[in-house]
Number of protein chains: 2
Amino acid sequence: MEIFDPPARLFKLLGHPARLAILDALRGGEHCVCHLEAVLGLRQAYLSQQLMLLREAGLVKDRREGQNIFYHVAEPKVFKVIDVALLDAPRRKPRAGRPACSCPKCQPAVPAPELAGAALST
Amino acid sequence: MEIFDPPARLFKLLGHPARLAILDALRGGEHCVCHLEAVLGLRQAYLSQQLMLLREAGLVKDRREGQNIFYHVAEPKVFKVIDVALLDAPRRKPRAGRPACSCPKCQPAVPAPELAGAALST
DNA sequence: TCTCCATATTCAGAAAACCGAATACAAAGA
DNA sequence: TCTTTGTATTCGGTTTTCTGAATATGGAGA
């Protein structure tokens, strides 16, 4: 009977729209909290709470880079699970272009790091 | 954001060991409540409550046959979801032979319905 | 109609999840 | 060292889930 405890814990964690949205947002790779905040429209503290739960369960991992902390999904398996559940769901729009996030990775002016100096000449 | 509500509801429902065990027990096909009671070792009332939740969500459907009510999984998709989640879980034993359930389908003396008369001659 | 059996429903207390407000912390720059 | 910025944690009240106990229902046979 207890064999179902681990998967049940996983599902319980997935059984929440905000956490699902977070994981889905991390599909393409890691993102900083400020990015998730902007993209998902969630308050920072709330987001951080949900990230803590996901982190404690080992579903996501974090990495600090300067002031920002980047999260990524540690178990790609969750994507498979989510995908199956989303099978016959109405498809979400791919995403608007402007992240409105100030982290280094989100600055549209800095697509390639080696061009950073050129922008200052104007 | 609300696109994640339906899958979240599904996951929330799956986020419970007893309900997972029920669904897993219904893998091979339909079973009556008394069968589940015997196989899973759960009290009838409790089992019925969980079945009600699964039924309300449309995950399982019931069918009456005489005194017994047989349940089956309505959305095979859930098996896919569960399977992915169970991927690296320790495999459960296939099942002992004796169901200890009195429903017509579980009587080991009646493997094929057309032989029902022969057993009475002893 | 009465009774039995399989199953369903209601109720209620305990436990857990949810989520906002406030606050703490840690790195980076002045 | 002070401030700012990005993120984490704690606290507390509200809502939801969990689960046992009691009870109801509905079909089948006597």
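In what follows, chains are A, B, ... by sequence order, proteins preceding strands, each numbered from 1.
The phosphate of C/dA6 (OP1 or OP2) has no side-chain N or O of B/Tyr71 nearer than 4.0 angstrom. Distances shorter than 4.0 Å separate some side-chain N or O of A/Tyr46 from OP1 or OP2 on C/dC19. Listed pair B/Arg43 / D/dG20 meets the phosphate criterion, a side-chain N or O lying under 4.0 Å from OP1 or OP2. Remark: B/Arg64 is not in phosphate contact with C/dA6, judged by side-chain N or O atoms under 4.0 Å from OP1 or OP2. OP1 or OP2 of C/dC19 has at least one side-chain nitrogen or oxygen of A/His16 nearer than 4.0 Å.
Put simply, CG on B/Leu36 is 9 Å from P on C/dT7, counting in whole angstrom units. Regarding B/Leu47, its CG atom lies at a distance of 13 Å from the P atom of D/dT19, rounded to whole Å. Atom-to-atom, CD of A/Gln67 to P of C/dG29 comes out at 7 Å; the value is rounded to the nearest Å. Separating the CZ atom of B/Arg63 from the P atom of C/dT7 is a distance of 12 Å, rounded to the nearest angstrom. Nucleotide C/dC19 holds its C1' atom 8 Å from the CD atom of A/Gln50, rounded to whole Å. Look at CG on A/Asp5: it is 13 Å from P on C/dA16, rounded to the nearest Å. Between A/Ile22 atom CD1 and C/dC18 atom P there is a gap of 12 Å when expressed in whole angstrom units. Residue A/Glu65 contributes atom CD, which lies 13 Å from atom C1' of D/dG6 at whole-angstrom precision.
Among C/dT10, C/dA6, D/dA8, the nucleotide with an atom closest to any side-chain atom of B/Met52 is C/dT10. With D/dT7, C/dT7, D/dA8 as the choices, the nucleotide that has an atom nearest any side-chain atom of A/Leu51 turns out to be D/dA8. Relative to the side chain of A/Ser48, the nucleotides D/dA8, C/dC19, C/dT10 differ in distance, and D/dA8 lies closest.
Salt-bridge check for A/Lys80 with A/Asp83: failed, with every basic side-chain N at 4.0 Å or more from each acidic carboxylate O.
Nearest-nucleotide positions on DNA chain D place A/Glu37 closer to the 5' end than the other of B/Arg19 and A/Glu37. Take the nearest nucleotide of DNA chain C for A/Gly66 and for B/Ile69: the residue whose nucleotide is more 5' is B/Ile69. Mapping B/Lys12 and B/Ala45 onto DNA chain C by nearest heavy atom places B/Ala45 closer to the 5' end of the strand.
B/Phe70 comes within 4.0 angstrom of no nucleic acid atom, judged by non-hydrogen atoms across all strands.
Counted within 6.0 Å of CD on B/Glu56, heavy atoms from surrounding residues, nucleotides or ligands total more than 12; the atom is thus considered enclosed.
A/Leu54 places a side-chain heavy atom less than 4.5 Å from the side chain of A/Leu13. Between A/Phe11 and B/Val81, the closest side-chain pair of non-hydrogen atoms falls below 4.5 Å.
Checked against A/Tyr71 for a side chain to side chain donor-acceptor pair (under 3.5 Å), the options A/His35, A/His31, A/Arg55, A/Glu30 give a single hit: A/Arg55.
At a cut-off of 3.5 angstrom, the base of D/dA8 holds at least one donor-acceptor pair with the side chain of A/Gln44.
When all heavy atoms are compared, the tightest approach of B/Leu47 to B/Glu37 is CD2-N, 3.3 Å.
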